[in-house]
Asker: 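After the structure tokens below, expect a handful of questions from me.
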Number of protein chains: 2
Amino acid sequence: MDAALAEFTERGFEAARMEDIAKRAGISKGGVYLYFPSKTALLEALIEAKVTPLARLAQTIAANGANDPMAALRMIAAAAAHRLGDGKVFAVPRLVISVSGRFPEIAEYYRVHVVELARGALESLIQAAMAKGALRRVDPQAAARAFIGPILFEALWTHVLRGKSVLSDPEKLVQHHFDVWLNGVEHRA
Amino acid sequence: MDAALAEFTERGFEAARMEDIAKRAGISKGGVYLYFPSKTALLEALIEAKVTPLARLAQTIAANGANDPMAALRMIAAAAAHRLGDGKVFAVPRLVISVSGRFPEIAEYYRVHVVELARGALESLIQAAMAKGALRRVDPQAAARAFIGPILFEALWTHVLRGKSVLSDPEKLVQHHFDVWLNGVEHRA
DNA sequence: TGCAAATGACTGACCAGTCAGTTATATAAG
DNA sequence: CTTATATAACTGACTGGTCAGTCATTTGCA
């Protein structure tokens, strides 16, 4: 599956050759078909395998973070920056974006099992923080977007466009990001 | 080119058939080859054609907005939300993400001619606003990321994952977005 | 009548998926 | 421990179908 993910990311799903995937995994083409009935099945299995641990993670964080939501949010930002800084981790969402036109069911699967879960966890933490008076009352969806959007943008910039990146120093990214997210950019008199 | 963009987005670059593109454009397969020497050339021409007006736009905004940078920023956010709300407009960056692995030169072209320009324009506006005292002194890159990231996230959510969207009401999105961007989320005693 | 624009049947290359055959491993018998 | 047998894991040449790109022919227009 790691071999498949690498080939799919490098060449695109269509252009990736099963023989290359097999070679990369150290087996023969026929061998791949012992475990996956088709190229599409391999893609689906791959997404599913990478997604499952994420789903668990999101739920755990939301449950455990209710006591100190602000600390949990900071941890999430740091974890997200570190993980998305790794091209191999980001390869999965990148692949989902690539194939979403041709395989809407994969897009839906990813939305339901990753993004909706993560958004839900994030929003519930934000609302918990509001309830405790740590955050002002803003639209939770807007707050969640503002939380995750900039990190995602930096990941795209880095891995897709190969731009010079702040992600190489995730601590700094998170620090700046949290400063803006918490305090905004407006000058106060 | 519109036909090609649509087919590339729906099926992926590899899986898109030249005959389908031709049919969609109302000509024959051979006809396409009168104007574009190859499928790859069509892709490159398409990206280039869609990108050029954007580059001009970014420069114009940066130049004209220096007087009232805050108003310019608000306009940019509104324009970005409206445009990215349109699936046809978002199809271009989406396609770039899809093919970036196989065609790094397209990714680079897009980075240089769109994203770096836009980032540059955005950062110069933000710095102008800081100089005028309208914004506090934060890292301009972080401010620009916080500005554009959430809108990009919402576009991905809407068009790629087909999630229920706030982009259908871009005014509201921009209003919430600007509120958080300017004031942050932290509660003030 | 001449010329450019456009067509679509055709070809050569490519590759997902198959399967007859090979190798490796486990089990049983001598 | 060695040899024989059964079974599972794996291989890679092959096939059928697909499609980018070509070009002899047709269409439309001045």
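Chain naming here is simple, since letters A, B, ... match the order of the sequence lines and numbering starts at 1 in each.
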Asker: Whether Arg145(B) engages the ring of Trp157(A) as a cation-pi pair (distance to the six-membered ring centre under 6.0 angstrom, angle to the ring normal within 45°) should be assessed.
Answerer: no
Asker: Using a heavy-atom cut-off of 4.0 Å across all strands, would you classify Ala16(A) as base, sugar-phosphate, or nothing?
Answerer: sugar-phosphate
Asker: Quick one: is the NZ or CZ of Arg83(A) closer than 6.0 Å to the six-membered ring centre of Phe90(A), and within 45° of its axis?
Answerer: no
Asker: Does some side-chain heavy atom of Leu167(A) sit less than 4.5 Å from a side-chain heavy atom of Leu173(A)?
Answerer: yes
Asker: Looking at side-chain heavy atoms only, is the closest gap between Arg119(A) and Ile148(A) below 4.5 Å?
Answerer: no
Asker: Quick check: do Leu46(A) and Phe8(A) have side-chain heavy atoms less than 4.5 Å from each other?
Answerer: yes
Asker: Please list, in numerical order, the residues of residues 17-37 of chain B that have a heavy atom closer than 4.0 Å to any atom of DNA chain C.
Answerer: Ile27(B), Ser28(B), Gly30(B), Gly31(B), Leu34(B), Tyr35(B)
Asker: Take atom NZ of Lys39(A) and atom P of dC14(C), then tell me their distance rounded to the nearest Å.
Answerer: 15 Å
